[in-house]
Each structure stands twice: as C-alpha cells, then as structure tokens.
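Report on the structure given below.
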Amino acid sequence: MTTPIRTELSVADIVPFGQPLPGRDSRYGFYALTLEKPEWKSWQPGQFIMLRPSEGRGRMLARPFPICRVTSQSLVLFFEVSDPGTEELSRLKSGDGVIVWGPLGNGFVMDSERPALLLAYGSGIAPFAGYADMHPAPERLSMVFGHRAPNSCYPTDAMASRMYMEDVLDRTEKEREMFRRSMLSKLEECGEAGGVCLACGPMWFMSWVWENAGRLGVPAQLALSSRISCGIGACLGCSTLTSSHWPDEACAGLPVQTCTSGPVFWASEIDLSEYAAERSS
C-alpha cells in the first residue's frame, strides 16, 4: 500500500454536471473537481482522500472523497452537493488551493483473467471511472448503474465507451424493481462465469448487494466509503461489524473502523445484516 502524504494542490477546474437546481441560485447538484496531480507513487481505485480548502479559504473541515480517477496531469473527484461542506467545495475556482491527505485505505481487486461486475448507485459511481480507465481488459467489465437524478448528472460517457453498461433510473417502485431484477440477473451471470462483483453506493444499496451476492455465492468486494467520517480511525463512527471469516481471528465478529480497515471489504468478511433489516422494514 502506498504511504499517504499530505500536500497542498491547486484547483485546475471544476465542472458542473446536469442542470441547475431549482431555488439554488443557479447552483448545480453534482461536480467534477480537477486538481493538479499529487506526487503519489501509486494508487488503487476504491481508495479515498481527505480534503479541505487551504487555510483562509473556507471553514470546511477535512472530509473523505473517493478517488474518481488519476490522469498523467490531474487528480479528479466527483461529488454531490448535499450539505454546507460540499456546497463550499462547489464554489472553488481555478487556482484555489486545497489540502489533500492520501491515498488512504485499500482498493478493489483488478484481475484481467476473470469477469468483473460493477454495481453502483448514485455518487457511488465515482471510483469506477478510474477502475475502467486502469483495467487491462475492459471487455471483461460490465456495470449496472442505478440513480435518481438524470443521467446527465453522472460521468458515465467515458465509462460506457470502455465497457458494457446498463443505466437504470430509480424514481418509482416499478423502476426500483427493474433495477433489482437487472442486478440479480447480472449477479447470476457473474457467478456462472467465475467472476467477481464490485460495488459502491449508499448503505441500503450495499446491504442489498451483500445479501444477494452471499446468497448466490458470488465473490464480492464492497466499498463502504459512505460510512467514513474522520478518515483516521479516531471517531469510531464508521465501525463495520466483521464476520466469522475475518482474517484476524481475534477480531472476528467484532467491529473494525471502515477508514483504516477498508473502505473496500470482501463481503464474506463483514456482516451487514443490520442494514438489511433496516432496508426491509
């Protein structure tokens, strides 16, 4: 794993996605934030960074963001405006400075010899942009992507050109049922082909993938990025319960911090039954 570093980077660009939100002073709901490239030796899709504006540029505390992609010249993040902190982030301009700490955590497996099914919901699509870029055999990749906002709000174009993608709206119960059926069908195909499932999204979605991948016997990795808060294991707010299959027998069945032990976990090594119960209630 690459040793994380703290560095100040300049904003190269910030691009809104979709349409301005009603009543938000022409502000958008989704943004791609492009920073100058950090001096990392390597990184893995699924890892995250902690980011905040530089001193004197705002009041936002450092917060986690999954790495969307890293190019030869830049680090790209994709985020949804959901609170005052991300609202402040959306107002950054070219040349502004930000403090970045990373790359943090572990990432997804990448195997050119077996198929990979990518399951994403909403902003959970972010780490799969870099995954599609880096995968040595993108013809072995397929994705089912569910979302409520219009398709134009998400960075899907480049990904769709690299792999097979099903894009499913989730605004009604009928659409959600179609989304579930599509994911189940692809999970079954993935299992029959000896593939692996990779998923990222909100916890209700992750618990659904955890439950059904386990039921079908499909190896799965889950990025629980949405649970992370402090990013260094200090707040204990992102604890995830391990299963009896956790590699460290002394910790099996006990909670571990998502930010320091994840954010990517093998589904068989954690227990998300609590969230599955909440989802079905």
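Side-chain atoms are counted along with the backbone in the values below, which use heavy atoms only and exclude waters and symmetry mates.
- By the 4.5 Å heavy-atom criterion applied to side chains, Ser94 and Asp13 are not counted as neighbours.
- Across every non-hydrogen atom of Glu36 and Glu8, the tightest pair is OE2-O, 4.2 Å.
- Here the CD atom belonging to Glu80 is positioned 12.5 Å from the NE2 atom belonging to His147, to the nearest 0.5 angstrom.
- Applying the side chain to side chain donor-acceptor pair (under 3.5 Å) test to residues at least two apart or on different chains, the pairs with a partner in residues 248-258 are Thr240-Thr258.
- In the displayed structure, Arg6 atom CZ is contacted under 6.0 Å by at most 12 heavy atoms of other residues, nucleotides or ligands.
- Nearest approach of Met203 to Leu272, heavy atoms of both residues: CE-CD2, 4.0 Å.
- Taking the side chain as every heavy atom from C-beta outward, Phe65 and Leu33 never approach each other to under 4.5 Å.
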Does the side-chain contact (heavy atoms from CB on, under 4.5 Å) test come out yes or no for Arg180 and Arg176, once each step is laid out?
CA-CA 6 Å; Arg180 290 170 176 162; Arg176 176 159 296 187; 3.6 Å; yes
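- One distance of note links SG of Cys251 with CG of Leu241; it measures 11.5 Å at 0.5 Å rounding.
- Formation of a donor-acceptor pair under 3.5 Å by the Arg227 side chain with backbone atoms of Ser239 is found in this model.
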Passes side-chain contact (heavy atoms from CB on, under 4.5 Å), Thr34 versus Val15? Steps please.
CA-CA 8 Å; Thr34 301; Val15 177; 5.8 Å; no
Step-by-step side-chain contact (heavy atoms from CB on, under 4.5 Å) determination, Leu224 to Trp210:
CA-CA 11 Å; Leu224 306 186; Trp210 172 81; over 6 Å; no
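- Side-chain contact between Val168 and Glu175 is absent, with no heavy-atom pair separated by less than 4.5 Å.
- The two residues Cys197 and Val218 make their nearest non-hydrogen contact at CB-CG1, 4.1 Å.
- Linking ILVMFWY side-chain heavy atoms closer than 4.5 Å, directly or via other members, places Met134 and Met143 in a single hydrophobic cluster.
- Pro53 is not listed as a side-chain neighbour of Asp96, based on a closest heavy-atom distance of 4.5 Å or more.
- Residues in residues 115-141 take part in these salt bridge (charged side-chain N to carboxylate O under 4.0 Å, His left out) pairs, two or more places apart or across chains: Arg69-Asp133.
- A 6.0 Å sphere centred on CZ of Arg171 holds no more than 12 heavy atoms belonging to other residues, nucleotides or ligands.
- Atom CD1 of residue Ile125 and atom CG of residue Leu118 lie 9.5 Å apart, to the nearest 0.5 angstrom.
- With respect to Glu87 and Arg91, a salt bridge is recorded, a charged nitrogen being found less than 4.0 Å from a carboxylate O.
- Closest approach of Gly201 and Ser226 over heavy atoms only: O-OG, 3.6 Å.
- Residues Ile270 and Ser243 fail the side-chain proximity criterion, which asks for heavy atoms closer than 4.5 Å.
- Under the 4.5 Å side-chain heavy-atom criterion for Ile, Leu, Val, Met, Phe, Trp and Tyr, Phe79 and Val76 are members of distinct hydrophobic clusters.
- A ring-centre distance under 6.0 Å is not found for Phe128 and Phe145.
- When hydrophobic clusters are built by joining Ile, Leu, Val, Met, Phe, Trp and Tyr residues whose side-chain heavy atoms come closer than 4.5 Å, directly or via intermediates, Tyr164 is not grouped with Leu141.
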As a quick check of understanding, evaluate side-chain contact (heavy atoms from CB on, under 4.5 Å) for Val98 and Leu35, giving each step before the final call.
CA-CA 9 Å; Val98 296; Leu35 309 175; 3.8 Å; yes
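- Between Tyr154 and Phe30, a ring centre-to-centre spacing shorter than 6.0 Å is recorded.
- The existence of a salt bridge linking Glu189 and Lys186 is confirmed by a sub-4.0 Å separation between a basic side-chain nitrogen and an acidic carboxylate oxygen.
- Expressed to the nearest 0.5 Å, how far CG of Leu222 lies from CE of Met206 amounts to 4.5 Å.
- Remark: side-chain polar atoms of Trp40 are paired, donor with acceptor, to backbone N or O of Gly102 under 3.5 angstrom.
- Between the CG atom in Asn106 and the CD atom in Gln47 there is a gap of 7.5 Å [rounded to 0.5 Å].
- The minimum heavy-atom distance between Ser112 and Pro136, with the atom names listed, is CB-CG, 3.5 Å.
- With rounding to the nearest 0.5 angstrom, the CH2 atom of Trp101 is 14.0 Å from the CG atom of Leu51.
- Here the side chains of Phe48 and Pro127 are not in contact, with every heavy-atom distance at 4.5 Å or above.
- Counting heavy atoms from C-beta on, the side chains of Lys37 and Val70 come closer than 4.5 Å.
- For the pair Ile49 and Leu75, the minimum side-chain heavy-atom distance is below 4.5 Å.
- Proximity of a side-chain donor or acceptor of Thr242 to a complementary backbone N or O of Gly253 within less than 3.5 Å is detected.
- Looking only at distances, a side-chain donor or acceptor of Asp83 sits under 3.5 Å from a matching main-chain atom of Thr86.
- Considering every non-hydrogen atom in both Met163 and Pro138, the closest pair reads CB-O, 3.8 Å.
- In this structure, Ser182 contributes its side chain and Phe179 its backbone to no donor-acceptor pair below 3.5 Å.
- A continuous path of Ile, Leu, Val, Met, Phe, Trp and Tyr side chains, each step under 4.5 Å between heavy atoms, connects Leu198 with Met110, placing both in one hydrophobic cluster.
- Leu184 and Phe205 end up in the same hydrophobic cluster when Ile, Leu, Val, Met, Phe, Trp and Tyr side chains are linked at under 4.5 Å.
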